[in-house]
Number of protein chains: 2
Amino acid sequence: MIDQNIKIAVDAIVFGYEKGTLYVLAVQQRFGKLADRWVLPGGFILDDEPLITAVERELKEEAGITVNYLEQLGTFGDDVKRDERFRVISVAYFALVNPKNFVLKADTDAKDAKWFPVAQVPALGYDHNEMVKLAHQRLKSKLTYQPIGFDLLDHEFLFSDLENLYCSILERDIDRRNFRKKILSFGIVKETDKVVKIGASGRPGKLFVFDKPKYHQLLKENFQFDIRFA
Amino acid sequence: MIDQNIKIAVDAIVFGYEKGTLYVLAVQQRFGKLADRWVLPGGFILDDEPLITAVERELKEEAGITVNYLEQLGTFGDDVKRDERFRVISVAYFALVNPKNFVLKADTDAKDAKWFPVAQVPALGYDHNEMVKLAHQRLKSKLTYQPIGFDLLDHEFLFSDLENLYCSILERDIDRRNFRKKILSFGIVKETDKVVKIGASGRPGKLFVFDKPKYHQLLKENFQFDIRFA
DNA sequence: CTTAATTTGTGTAAAAACAACACAAAATTA
DNA sequence: TAATTTTGTGTTGTTTTTACACAAATTAAG
């Protein structure tokens with residue numbers, strides 16, 4: 001009766017941000033038809049394993065990382081030629097991580113794991129460049145209506161870090177005063193009393209933290225995070 | 001090596017709108033464990049068939065309809081118990097249709113096909129109520145930032161039709177003057193010179209059409225459709 | 001130790017968008 | 001011919017957004 005010869009995989013587009021540059025994680029395949037090729041971390045799911053668990057497992061195995069944010073991006077099913085023996089349908093997940101928190105280590109299946117600046121991602125195997133492109137768009141649009149930027153930063157950050165993150169990912173200029181005013185008006189970013197100088201010179205700045213519980217509380221009261229400015 | 005016992009299906013959440021009510025399409029299963037149960041239209045995909053083609057085929061087969069709008073909603077993969085013989089992962093699609101354009105007819109696999117008001121969808125088989133819920137949220141939010149409402153209406157419509165559609169789907173009051181002003185300011189809705197009276201009484205209204213080419217042209221110039229008002 | 005350079009931090013005013021609101025016109029029904 | 005229903009239209013006050021510049025705290029260089 002039902003005679004499908006299709007296998008299911010998951011793949012992850014993991015973004016990391018550091019000093020004004022957005023990176024994507026790729027791994028170098030150790031085995032198979034595409035040995036030595038760079039691809040997104042991912043792999044086949046187990047029969048009794050939830051999709052999201054499969055992604056987390058693969059990220060752990062192939063790169064040694066745990067993500068801050070993870071959501072389903074979409075399913076890419078028409079990659080009929082991925083493997084000669086069967087069609088592969090892949091469920092892609094979109095993830096955010098703070099690269100500082102991890103040392104990449106290629107473990108089981110992967111020969112190597114590496115951060116590529118999004119602007120310089122090489123030709124990946126399968127349809128993975130397409131996934132990266134879609135994920136990149138998702139990141140850009142989501143940044144404007146969900147406070148996910150914090151998942152790319154340190155727990156404590158300078159306001160300028162946040163501002164630069166928005167500037168560089170959205171690729172536009174932001175008015176510092178208006179940006180700060182708007183973010184602070186939401187009340188989901190708290191000022192700590194720590195003051196630090198991070199760069200070489202210049203006036204030291206206060207550290208801020210994202211108040212996640214407050215955000216979730218506001219959500220219940222119909223709060224809408226929204227950053228769209230000139 | 002890869003020994004998966006999983007099958008892939010697609011399911012569709014098809015919305016239709018008529019006279020202030022939003023409907024979802026369900027079909028009654030003819031065979032299998034859930035014979036006679038209402039479920040979303042859908043089914044297993046063929047080995048060499050793109051996902052979206054599978055959805056279109058199933059909609060044709062099970063209900064005799066062709067949709068106006070179709071996009072991937074998400075993949076529901078943890079429904080391990082759907083079938084006893086294997087796990088089923090289902091890729092759900094979100095679709096819009098104008099119910100007037102079709103007479104529902106249950107063809108191949110389905111015993112019956114029927115529109116249910118979203119507020120009165122019965123307990124469906126599998127995890128289909130969850131899919132409907134997610135699709136409903138998607139419809140509501142998408143209505144505010146993409147001009148998809150037109151896919152639920154006739155080609156030519158009264159302004160009041162459009163307004164009522166927004167009112168009833170978003171479940172809030174809309175100021176007629178502000179709504180009209182805003183929509184017309186986009187320049188994507190053209191007035192025809194036809195005038196009709198549709199209801200029993202009242203002043204006849206002009207018919208309007210959605211100018212899709214104009215919309216796509218504006219998109220290239222960075223236009224942002226956006227309806228968020230009190 | 002003084003000056004230049006760098007980065008943080010802050011307020012105001014003009015412009016644009018949004019919200020609130022009421023009545024006349026064209027038709028049907030009683 | 002009066003009552004009812006539905007379409008169609010502008011203005012004003014309020015809120016939000018944009019544009020914009022200079023002082024304060026530090027480091028680096030002379």
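Residue numbering restarts at 1 for every chain, and letters A, B, ... go by the order of the sequence lines.
Regarding B:Gln224, its CD atom lies at a distance of 15 Å from the C1' atom of C:dA17, rounded to whole Å. Rounded to a whole Å, the CZ atom of A:Phe186 is 12 Å from the C1' atom of D:dT16. Residue A:Glu191 contributes atom CD, which lies 13 Å from atom C1' of C:dT10 at whole-angstrom precision. Computed from coordinates, the B:Ile227 CD1 to C:dA17 C1' distance equals 13 Å when rounded to whole Å. Regarding A:Asn164, its CG atom lies at a distance of 10 Å from the P atom of C:dT7, rounded to whole Å. Nucleotide C:dA26 holds its C1' atom 12 Å from the NZ atom of B:Lys206, rounded to whole Å. With rounding to whole Å, B:Arg176 atom CZ is found 15 Å from C:dA24 atom P. For the pair B:Asp175 CG and D:dT7 P, the interatomic distance rounds to 15 Å; values are reported in whole Å.
Checked by atom type and distance alone, the side chain of A:Thr75 never pairs as donor or acceptor with a backbone atom of B:Thr75 at under 3.5 Å. Formation of a donor-acceptor pair under 3.5 Å by the B:Asn164 side chain with backbone atoms of B:Ser160 is found in this model.
Phosphate contact (OP1/OP2 of D:dC20, side-chain N/O of A:Arg177, threshold under 4.0 Å): absent.
Looking at heavy-atom distances under 4.0 Å, A:Lys181 makes contact with a base. Residue contacts for A:Lys182: at a heavy-atom cut-off of 4.0 Å it reaches the sugar-phosphate backbone alone, with no base atom in range.
Here the nucleotide nearest the side chain of B:Asn178, chosen from C:dC21, C:dG9, D:dT18, is C:dC21.
In this structure, A:Glu61 pairs ionically with A:Arg57, as a charged nitrogen and a carboxylate oxygen lie closer than 4.0 Å. Salt bridge status for A:Asp226 with A:Arg228: present, with a side-chain N to carboxylate O gap under 4.0 Å.
Within 3.5 Å, no donor on the side chain of B:Arg180 pairs with an acceptor on the base of D:dG8, nor the reverse.
The side chain to side chain donor-acceptor pair (under 3.5 Å) pairs that include a residue from residues 149-158 of chain B are B:Asn98-B:Asp154, B:Lys100-B:Asp154, B:Glu156-B:Lys194, where partners are two or more places apart or lie in different chains.
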Could you go step by step and tell me if B:Gln217 and B:Tyr215 meet the side chain to side chain donor-acceptor pair (under 3.5 Å) rule? CA-CA 5 Å; B:Gln217 180 200 313; B:Tyr215 170 63; over 6 Å; no
Carefully, step by step, assess B:Leu143 and B:Tyr166 under the rule side-chain contact (heavy atoms from CB on, under 4.5 Å). CA-CA 8 Å; B:Leu143 215 47; B:Tyr166 271 85; 3.7 Å; yes
Under-3.5 Å N/O pairs linking protein and nucleotides 27-30 of chain C:
| residue | atom | partner | partner atom | Å |
| --- | --- | --- | --- | --- |
| C:dT28 | O3' | B:Ala200 | O | 3.3 |

